[in-house]
Colleague: 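Please see the structure below; I have some questions.
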Amino acid sequence: MINAVAVAGILTLFQAAPTRVEVTPERSEIEVQATAQLTVRAFDGSGRAINGMPVRWISSTPELATIDQMGRVLALNPGMARVTAVIGGRPSGSVTIIIRALPAAELSVQLANDRPYATQALPLQVTARNRLGEIVDDPDLTYASSDESVAVVDPAGLVFARAQGTARISASTGAVRGGTVVNVRADPGLSYSLSPTEAQVRTGDVIRLQASIRSPDGEVQGFPEWSVTGTGAQVEDDDGEGVFVAEEPGTYRVSARLGENSVLSAVVRVESRDADAELIQVGRGPISDHHSGDVWVFEGVDGRDYAYIGTFMHDWMKVWDVTDPSNPMLTDSIQLDARRINDVKIHPNSRLGIVTREGASSRRNGMVLLDLVTPAHPTVLGEYTETLTGGVHNVWIDGDNELVYAVHNGTRAIHIIDISNPEAPSEVGRWQIDNQQRSLHDVIIQEGYAYASYWDDGVVILDVGAGSHGGTPRAPVLVSQFKYPVGNTHVAWRHGQYLFVGDEIFPPAWDADRPIDARGYIHVLDMSDMENPVEVAKYEVPEAGAHNVWTEGDRLYVGYYQAGLRVLDISGELRGDLYKQGREIAVIKTTDENTTTPNWGMTWGAQVFKGRIYSSDINSGLWITELKERSRIVS
């Protein structure tokens, strides 16, 4: 006999697998901060409605919209949100929520100069804000002038001063309107000039053009509108200068509009930026029985050179003697309790090494300190796990202050560890972006600044002894932050005025034992103003993904996963698309017959050491190459 409890259990089991589910509405369109109510109906094989079916709601785009377990959607940001109903433990129906940006509720209108001379042109600056006070991007604006004999405004918001007098310049979108007054002064006899008027460069070379206005009394501030003919080049305004760079060879006309009837132009001839180097394979340390991770190369206290390589999804660190780079010799391996030895770093004194652990069976990960008195056969000196049990992904050693900056998976914080006594490390400081569940991936220290790669929160710059914002090595102070919509900020490296920031994007459900179709590229930030980083260029190899970077001289070395080791010319000013400009000078694919994944390299990164480039490949181990520069013939 089956009792009532058993019957109820059987009915629940049947209810967990309806044959048809309807989520309504199938599509909804709402504004930011508005709500939408979703409902679910489930049916069995006979088409009968199943009542009381438990539903779990999931938003796959929580940055755009959230949903509570009553099915109420709250719109947070503009975009296309996706919400799924889970029934019986399985996704059973999804809906798309189109979220419109809130319209402008207020317009602020300003002129760069409200007392221009007649014949001058100047841009109208319009800021639109919604009812929440947030800036509205790219509002649809219409412009007008109260007296076009004094000043007129074109459909793009450029104001032309025509004659002495006063006019009101207005901008509107829908029923929202704003305006400002312009007082035009009489033309005192202005003259206009552009320099240079001719130039010859290569693709990727940046030139700056100056447009000047003079009156009988001296220099007058101008507001040139820059343009360039053709599609293979670009020109941008930078505080009045025209910054030109070309991706394709050709002859370009660059123009500066300074007034309604005053347009000056320059001719720029651009030739191809031919690759002028090649990467030559010098040596090889094959590892094909497991995946490899980070590599660090150094000169040991015995005067010989070594490359230590961590492992990806494996528990050994490999020791290679690379004194003869053409014939690397595996001298030892160290086994640790870990599923991943992601990072390897060596103290500048070459007597101490640090490797990171993730996935330890003891659940006490942290970092392991190595005694390098005999670098060919390092020994475990000790470990630090007290505040780093959740796993350490990366570290950076500050040898001057005997500190390690450790990226902790558990707290998403930078933990600062004192290693002045390497047998008894201790935590002396900590910094994190906030108390929410963020994802911190990497940190480097350069010239007193820390650059922390905070995944969806971008790169965070900290003063850790630079002195600019009161930070110290043990007590970091926030300087600035730069983030971009896609996220996945993985690594950052400072070189001169630029910070090279790399994404890392893996496909869903990737498998380390199969080809991984990675994506992501290098963002180039101008750090001239440390508090206001500006993205000025990018380096993006099509259909591939960036990983770790290194710089030496005027060269950027990028482990570009399936696209191999790539070398970039970063001399001079950087602007625009560096790949399309031909600034890439050398490439080598790091794959051969000694690999875990046939015909699929995954270059991890690069380190330049004693004139050679040392790279690890996830699938094939150690690669040693040399960059052979070729002299360029100048016509």
Side-chain angles (χ1 to χ4, degrees), residues 2 4-101 313 339 358-359 363 390-391 409-410 412 434-441 454-457 485-488 504-514 516-519:
I2 301 177
V5 174
V7 170
I10 293 170
L11 289 175
T12 300
L13 179 63
F14 279 123
Q15 281 189 333
T19 57
R20 183 167 60 90
V21 173
E22 291 181 357
V23 182
T24 55
E26 295 181 356
R27 183 184 177 96
S28 182
E29 188 169 340
I30 55 177
E31 288 185 346
V32 170
Q33 282 209 327
T35 61
Q37 181 66 51
L38 303 182
T39 58
V40 172
R41 296 182 67 198
F43 301 89
D44 62 20
S46 301
R48 292 188 296 267
I50 305 174
N51 297 319
M53 176 64 63
V55 179
R56 182 165 64 93
W57 293 98
I58 297 175
S59 172
S60 57
T61 51
E63 72 279 8
L64 301 181
T66 60
I67 185 167
D68 63 23
Q69 294 311 304
M70 300 300 291
R72 192 178 72 139
V73 176
L74 173 62
L76 301 177
N77 290 296
M80 184 179 293
R82 194 74 175 164
V83 175
T84 301
V86 178
I87 299 176
R90 296 186 303 176
S92 301
S94 296
V95 296
T96 298
I97 310 291
I98 305 298
I99 304 173
R100 301 189 306 272
M313 313 306 286
R339 289 191 69 242
E358 294 174 284
R363 297 187 180 180
N409 300 342
R412 277 79 168 178
D434 53 32
N435 293 322
Q436 301 178 40
Q437 291 297 296
R438 301 302 190 182
S439 180
L440 173 63
H441 189 275
Y454 251 104
W455 211 245
D456 290 334
D457 293 283
V486 175
N488 294 65
E504 182 184 53
I505 303 172
F506 273 18
W510 58 271
D511 184 345
D513 294 319
R514 295 185 176 186
I516 301 172
D517 204 14
R519 292 292 184 270

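In this chain, residues are counted from 1 in sequence order. When reading the values below, keep in mind they use all heavy atoms of this one structure, side chains included, and skip hydrogens, waters and symmetry mates.
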Colleague: Does any pair with a residue in residues 26-35 pass side chain to side chain donor-acceptor pair (under 3.5 Å), and if so which ones, sequence neighbours excluded?
Modeller: E29-R100
Colleague: Between atom CD1 of I97 and atom CD1 of I30, what is the distance when rounded to the nearest 0.5 Å?
Modeller: 6.0 Å
Colleague: Identify the two heavy atoms, one from N409 and one from G390, that lie closest to each other, and give their separation to 0.1 Å.
Modeller: CB-O, 3.4 Å
Colleague: What pairs with D511 under side-chain hydrogen bond (donor to acceptor under 3.5 Å, both in side chains), at least two apart in sequence or on another chain?
Modeller: none
Colleague: Only pairs under 3.5 Å count here: list side-chain donor-acceptor contacts from residues 75-86, not counting sequence neighbours, and write none if there are none.
Modeller:
from: N77; atom 1: ND2; to: E63; atom 2: O; distance (Å): 2.8
from: R82; atom 1: NH1; to: T96; atom 2: OG1; distance (Å): 2.3
from: T84; atom 1: OG1; to: S94; atom 2: OG; distance (Å): 2.8

Colleague: What pairs with S92 under side chain to side chain contact (heavy atoms under 4.5 Å, CB included), at least two apart in sequence or on another chain?
Modeller: V21, I87
Colleague: Can you sort out the partners of E22 under side-chain hydrogen bond (donor to acceptor under 3.5 Å, both in side chains), two or more places apart, ordered by chain and number?
Modeller: R20
Colleague: Looking only at heavy atoms, which two atoms of A101 and V32 are closest? And how far apart?
Modeller: CA-CG2, 4.2 Å
Colleague: Would H441 and E504 count as a side-chain contact (heavy atoms from CB on, under 4.5 Å) if you check the C-alpha gap in whole Å, the side-chain angles of each, and the deciding distance to 0.1 Å?
Modeller: CA-CA 10 Å; H441 189 275; E504 182 184 53; 4.0 Å; yes
Colleague: Partners of R72 by salt bridge (Lys or Arg N to Asp or Glu O under 4.0 Å), sequence neighbours excluded?
Modeller: D68
Colleague: With sequence neighbours excluded, tell me which residues meet side-chain hydrogen bond (donor to acceptor under 3.5 Å, both in side chains) with T24.
Modeller: T39
Colleague: Can a donor-acceptor pair be found, under 3.5 Å and without considering hydrogens, that links the side chain of Q37 to the backbone of P25?
Modeller: no
Colleague: Taking only residues two or more places apart in sequence, or in another chain, which ones meet W57 in a ring-ring contact (aromatic ring centres under 6.0 Å, His included)?
Modeller: none
Colleague: Rounded to the nearest 0.5 Å, what separates atom OG1 in T66 from atom CD1 in I58?
Modeller: 13.5 Å
Colleague: Partners of R519 by side chain to side chain contact (heavy atoms under 4.5 Å, CB included), sequence neighbours excluded?
Modeller: I505, D517, E543, Q562
Colleague: Is any side-chain heavy atom of F506 closer than 4.5 Å to a side-chain heavy atom of I516?
Modeller: yes
Colleague: Going by the rule side chain to side chain contact (heavy atoms under 4.5 Å, CB included), which residues pair with D456 if we only count those two or more places apart in sequence or in a different chain?
Modeller: N488
Colleague: List the residues meeting side chain to side chain contact (heavy atoms under 4.5 Å, CB included) with D457, not counting sequence neighbours, and say none if there are none.
Modeller: I433, R438, Y454, Q481, K483
Colleague: Between the side chain of T19 and the main-chain N/O of G45, is any donor-acceptor distance below 3.5 Å?
Modeller: yes
